[in-house]
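Here is the structure we will look at, set down as structure tokens.
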Amino acid sequence: MAVTILIPAPLRRFTNEQASVQVEAGTVGEALTKLDAQFPGIRDRICEPDGRLRRFVSVFVNGRDVRSLEGLDTPLREGDEVGIIPAMAGGR
Amino acid sequence: MIRLSRAHYEAIVAHARQEVPRECCGLLAGQGERVERVYPIANRADQAADLFAERDLMPRAGADPALLPTERYFMDPEELFRALREIEAQALQHLANYHSHPATPARPSRTDIEFAAYWPHVYHLICSLADPDRPDLRAFRIVDGQATEVPIVVEDE
Ligand SMILES: [Zn+2]
């Protein structure tokens, strides 16, 4: 499936400032592996060494958080948009 | 420097007041240094206890997650994603994040500084309601763990 990965501003230094990248992938996890093959190192910003999604990163398929879907196993269809954003958090 | 209209300034203060005793949070978008839109985002800190605990940034050992939004903020990821997409679709820039300190001064906390590591290219605004009659809105750049205050200019139209 050809899908589009939307790269958030804080990770564009890995993608030569490209805001989106096309890959062929059947799941979200596969899309991130393909992205890392093109832009080595970017997946370490998104996933823990054991492969889990980092807690401070959210990944979306067509705007839905994959934590409410099937995580990195969430299937992708032709034309889907995969979004990534680091948490915005803080406190007093 | 960051410039915002009186109406945007009032919108941020009103959002902070409306959420008391919880922290409010949101984004500011615009062009260059001028804010053109305020995007309030829901504070879901009650669902982010693990995120704070992992970094040893929980307010107190055993804090009740339901009370976390009074001392922490975590922007709802889906709302945040939609707002960032809309900002890009309108050819605006994401200029800043804002949040409130309902009872403490408008200075970045250790928690603010740690999480700002992912967003060094935006301003971080804090609206303090420590004196409820005199809201104090301040802006900071936070780069490599160092917070530097940046002047805010409120423009009367
Ligand atoms: Zn704060």
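A, B, ... follow the sequence lines: proteins, then strands. Residue 1 opens every chain. Note: hydrogens, waters and symmetry copies are ignored here, and every other heavy atom, side chains too, is used. As the structure is a computational prediction, the values presented were derived from the model and not from experiment.
- Residue contact with chain A, scored on non-hydrogen atoms closer than 4.5 Å, is absent for B:His124.
- Contact record, A:Arg92 with B:His101: CA-NE2, 3.6 Å, taken as the closest heavy-atom pair.
- Note: B:Arg72 leads B:Arg72, B:His121, B:Glu88 in heavy-atom pairs under 4.5 Å with chain A.
- When the side chains of ILVMFWY residues are joined at heavy-atom separations under 4.5 Å, either directly or via intervening members, A:Val57 and A:Leu32 end up in a single hydrophobic cluster.
- At least one side-chain heavy atom of B:Trp119 sits less than 4.5 Å from a side-chain heavy atom of A:Pro86.
- At a threshold of 4.5 Å between side-chain heavy atoms, the hydrophobic network of Ile, Leu, Val, Met, Phe, Trp and Tyr places B:Ile12 and B:Val150 in one connected group.
- Rounding to the nearest 0.5 Å places CZ of A:Arg67 at 11.5 Å from CD of B:Gln47.
- Residue contact with chain B, scored on non-hydrogen atoms closer than 4.5 Å, involves the backbone and the side chain of A:Arg64 alike.
- Heavy-atom neighbours of A:Arg55 CZ from other residues, nucleotides or ligands within 6.0 Å: above the threshold of 12.
- No path of Ile, Leu, Val, Met, Phe, Trp and Tyr side chains, each step under 4.5 Å between heavy atoms, connects B:Ile87 with B:Ile2, placing them in separate hydrophobic clusters.
- Using a 4.5 Å heavy-atom threshold, the side chains of B:Glu78 and A:Ser68 count as touching.
- Only the side chain of B:Asn97 comes within less than 4.5 Å of a heavy atom in chain A; its backbone stays farther off.
- Summarising the local packing, CG of B:Asp156 is surrounded by more than 12 heavy atoms from other residues, nucleotides or ligands at distances under 6.0 Å.
- B:Leu95 and B:Val153 are assigned to two separate hydrophobic clusters, defined by single-linkage of ILVMFWY side chains at heavy-atom distances under 4.5 Å.
- Summarising the local packing, CG of B:Asp131 is surrounded by more than 12 heavy atoms from other residues, nucleotides or ligands at distances under 6.0 Å.
- A distance of 9.5 Å separates CE of B:Met75 from CD1 of A:Ile85, quoted to the nearest 0.5 Å.
- Both the backbone and the side chain of B:Glu71 come within less than 4.5 Å of a heavy atom of chain A.
- Comment: B:Arg85 engages A:Glu81 in a salt bridge, judged by a side-chain N to carboxylate O separation of less than 4.0 angstrom.
- Only the side chain of A:Leu6 comes within less than 4.5 Å of a heavy atom in chain B; its backbone stays farther off.
- Across B:Phe74, B:Tyr73, B:Tyr118, B:Phe115, the residue that shares the most heavy-atom pairs under 4.5 angstrom with chain A is B:Tyr73.
- In the displayed structure, A:Arg45 atom CZ is contacted under 6.0 Å by at most 12 heavy atoms of other residues, nucleotides or ligands.
- Tested against A:Met88 for a side-chain contact (heavy atoms from CB on, under 4.5 Å), the candidates B:Leu80, B:Val122, B:Ile41 yield a single pass: B:Leu80.
- Across all non-hydrogen atoms, the minimal contact from B:Ser109 to A:Gly91 is OG-O, 3.1 Å.
- For B:Arg55, the part lying under 4.5 angstrom from a heavy atom of chain A is the side chain only.
- Using a 4.5 Å cut-off between heavy atoms, B:Leu27 touches chain A through its side chain atoms alone.
- A:Glu17 CD: more than 12 foreign heavy atoms inside a 6.0 Å radius.
- The contact between A:Phe60 and chain B is made entirely by side chain atoms (from C-beta outward), counting heavy-atom distances below 4.5 Å.
- Both B:Tyr123 and B:Val154 sit in one connected hydrophobic cluster of ILVMFWY residues. Membership requires side-chain heavy atoms under 4.5 Å apart, directly or through other members.
- In terms of heavy-atom proximity, B:Leu51 sits nearest to A:Ala89 at CD2-CB, 4.4 Å.
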